[in-house]
Amino acid sequence: MSVCDLCQSAALWGSISHEGRASSASTFCRPSRLGKTQTVNHHSNITALIASSNACRVCKILSSAKALQNDQQWAVKLVETRAARSLVTVLELELWENAEVEDPGYSPFHGDDDPRIGICGSTNILATRAVWSKTSPVFAERVQVINDWLEHCFREHPTCGTAQTTYPARFLDLGTHGDESTISLACSAKIGALISPIRYVALSHCWGSSARPPLKTTKANLASHMQVIPTTALSRTFTDAIQVTRALGIRYLWIDSLCIIQDDDADWAAEAVKMASVYQGSYFTIAATSSSSGDGGLSLDGSDPDALIHVKFDGSPQQEGVEACSIRYPVASPRAIWDAPLSERAWVLQEQVLSARLVHFTEHQMYYQCRVGMESEDGTVRYPDSSSLRAHPSRGSETRDMSTPARAVGTWWSWVTEYSSRLLTFPSDRMAAIAGLVKYYQDAAGGTPVLGCWEETLWYDLGWNVELDGRSQNLAGCRAPTNIPTWSWLSIRPSTCVVSATNVSNLEDYHQKLSLASWHVEWEGVPFTSKLVSSQLVVLGLLKPLGMPLPPPRGKNPLRLDFECRWDEFLSVTILLDQLVDERERESSFLLHLFSNTSCHFCMVVTKEGTDMDPRYRRLGSGTIYHPKGHVGFFYDAICERVTLI
């Protein structure tokens, strides 16, 4: 099957039209101005495209578009997408009801999931990459891309520099060049006495099911692992990570299951809290992004694309020196990272956030991500700002103002929202899996952690709310049966609901109505990575009975209650419950005033427990009271009192 004349013309245009053909690796993630989208005429109608798909490989790809379900007489065009940022031309299908229309406001039709094809001309700096030149490239032909990314990042990106770090207790010693016969554990203290700083790579990976766990270091095999770790016992992901690390000339590798003694509670707690330092201090992090277990590996040799078509041109003057091009389908997409198994794991969020440099290994190609941006191996994904990536709401947080807790609080809650949407194999890891982010935020913003909230912004943090994400089955059991107090979002059962906070861009726009009287949190050992022994929180604020039973749930979201309540006049109220409440809780609820603006009171909804002499209040959810401008508000006759939250 060949390529038709129309597709050859489009390929030639794509090869000579893009600035990427004259680019060098130094353009990586340099912001560029988005120009006007360019459109190329293709088949006169859909019927002609489908007919051509029998003989043309490119038309066959385009004919798979869902958009072709439209009127068969619509004209077919190819539009350049992401042109100013990608290093090669990317074309996608576009349908025009009237091919001759000249109205600048006319909007043609295209589908969001319709195929995109990449075109890389022979003069493009990326043309020599194996992803463009070979159908089945092996890793040895791809490793130079990683080297180029790393060298450029260290040279050109001062914000991506390796942080001063507290080393983990152990690394995997992969041996020196020419002496790579054995792999063993090595104490970082002994390595550090000889080498400073220690250059190492960290691995971010999915452990997989408990039925097939990765090889682990335990108290029983620690001594033997210090001597030698049999390579035959290592998973494919581990052996692939070792191959990558050695290929880049790096001797030391950190893998959590092997470098932490998994059945030693003291070692596990001490090492887990170092996660922030481990990933911040690594030379780079290998992300086994597409693998759901150790069996998946890193796809080092890559999977064959659906199509890699090499086209030679006829030597016409219009070629501008471009003799040939490669057409690739599919091209890279951030969804290869967003929707990957690794990005579903709660433990991995801090690894993705804190690593200065990551190389994502996906099924079809590699992606490089740092604090400046992201680039795909084929050059079609090229973001100059990682903070905009959905999978990593906090990537690029180093460019945000995190100098104080009040300015950094939005970053913290973006982490919490992302973290709470992810999966945990062991619910008991709920606090330990975020310990690294807590430590990083504490160092960056100077805050004092209080069980997932912060002392300096507690009046705002207590207003968190629960959002259903479609996975919740037991709405009466969203809160985990633990000793974590109900006022902390960490009390919500992992992987059942998404936790978020009131969206504020600036805390100065809100008036604080709650103050902290005292708090106490006692841990069995290291905070967050050991067991919680006890906690207490006492606040000073306005507390007032709702004055009416909570209405029964209605609509698609039974945890959201919208109603009107008459006090001195009708006011609209929205309550977001943490979980379904029982009849007693429905009949006896109170509102604790947290903060307000000119039109709303933001509250915690609580119910009273204990005795009148020793009242304690358990959280039921969050609430918002909407009041007209100038209205005295719901709490005008409430008095400030000490409130003990449990």
Side-chain angles (χ1 to χ4, degrees), residues 204 206 272 275-276 337-354 389-395 397 408-442 447 449-454 457-458 460-504 528-529 532 535 557-560 576-580 602 604-605 619-622:
S204 177
C206 290
M275 289 288 191
I337 298 172
W338 297 344
D339 300 337
L342 192 65
S343 293
E344 295 178 350
R345 308 305 304 177
W347 270 104
V348 172
L349 177 64
Q350 61 185 4
E351 300 165 11
Q352 293 172 327
V353 169
L354 298 175
L389 299 178
R390 182 177 71 84
H392 311 301
S394 54
R395 296 289 301 166
S397 60
V409 68
T411 296
W412 172 255
W413 282 101
S414 72
W415 293 345
V416 171
T417 299
E418 178 67 24
Y419 178 76
S420 65
S421 72
R422 296 187 175 206
L423 304 175
L424 272 172
T425 302
F426 304 105
S428 57
D429 288 349
R430 178 72 155 167
M431 291 189 284
I434 203 171
L437 285 179
V438 171
K439 180 65 167 63
Y440 173 75
Y441 186 94
Q442 186 176 11
V450 186
L451 284 183
C453 301
W454 297 88
T457 54
L458 191 69
Y460 169 78
D461 295 336
L462 292 176
W464 56 268
N465 51 68
V466 164
E467 301 174 6
L468 298 183
D469 64 353
R471 290 179 296 182
S472 305
Q473 301 295 323
N474 179 16
L475 297 183
C478 295
R479 181 166 279 117
T482 67
N483 64 340
I484 302 175
T486 61
W487 50 262
S488 170
W489 63 268
L490 288 163
S491 66
I492 300 299
R493 191 187 300 272
S495 310
T496 57
C497 303
V498 176
V499 176
S500 62
T502 302
N503 186 21
V504 297
F528 279 90
T529 58
L532 176 66
S535 62
N557 183 357
L559 299 185
R560 181 186 176 107
L576 299 174
L577 297 172
D578 297 342
Q579 61 182 12
L580 293 180
F602 299 91
M604 181 191 293
V605 184
R619 177 185 155 114
L620 299 179
S622 62

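All values below come from the heavy atoms of this structure, side chains included, with hydrogens, waters and symmetry mates left out. The shown structure was predicted, so the numbers you read here are calculated from the model rather than taken from an experiment.
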Please find the pair of heavy atoms, one from [X] and one from [Y], that lie closest to each other, and give the distance.
X	Y	value
Ser491	Pro485	CB-O, 3.4 Å
Met275	Gly436	CB-CA, 4.4 Å
Ser420	Val499	OG-N, 2.8 Å

Donor-acceptor under 3.5 Å ([X] side chain, [Y] main chain):
X	Y	value
Ser488	Leu451	yes
Tyr419	Gln350	no
Trp412	Val438	no
Arg493	Pro427	no
Ser343	Asp339	no
Asn465	Ser622	no
Ser421	Glu418	yes

Using 0.5 Å steps for rounding, measure from the [atom1] atom of [X] to the [atom2] atom of [Y].
X	Y	atom1	atom2	answer
Asn483	Leu532	CG	CG	4.5 Å
Ile492	Thr482	CD1	OG1	10.0 Å
Gln579	Thr486	CD	OG1	9.5 Å
Phe602	Tyr460	CZ	OH	9.5 Å
Leu576	Asn557	CG	CG	7.5 Å
Arg560	Leu577	CZ	CG	11.5 Å

Before you tell me yes or no, could you show the steps for Leu437 and Phe528 under side chain to side chain contact (heavy atoms under 4.5 Å, CB included), namely the whole-Å CA-CA distance, both residues' side-chain angles and the distance that decides it to 0.1 Å? CA-CA 11 Å; Leu437 285 179; Phe528 279 90; over 6 Å; no
What I'd like to find out is whether the side chain of [X] reaches to under 4.5 Å of the side chain of [Y], using heavy atoms alone.
X	Y	result
Trp454	Pro449	yes
Ile434	Tyr441	no
Trp489	Ile484	no
Val450	Trp487	yes

Pair Ser204-Gln352, side-chain donor/acceptor within less than 3.5 Å: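 Ser204 vs Gln352: no donor-acceptor pair found between side chains.
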Without hydrogens or angle criteria, can the side chains of Asp461 and Trp413 be said to hold a donor-acceptor pair below 3.5 Å? yes
Under the rule for salt bridge (charged side-chain N to carboxylate O under 4.0 Å, His left out), what residues qualify as partners of Asp578, not counting sequence neighbours? Arg479, Arg619
Before you tell me yes or no, could you show the steps for Glu467 and Thr417 under side chain to side chain contact (heavy atoms under 4.5 Å, CB included), namely the whole-Å CA-CA distance, both residues' side-chain angles and the distance that decides it to 0.1 Å? CA-CA 10 Å; Glu467 301 174 6; Thr417 299; 5.7 Å; no
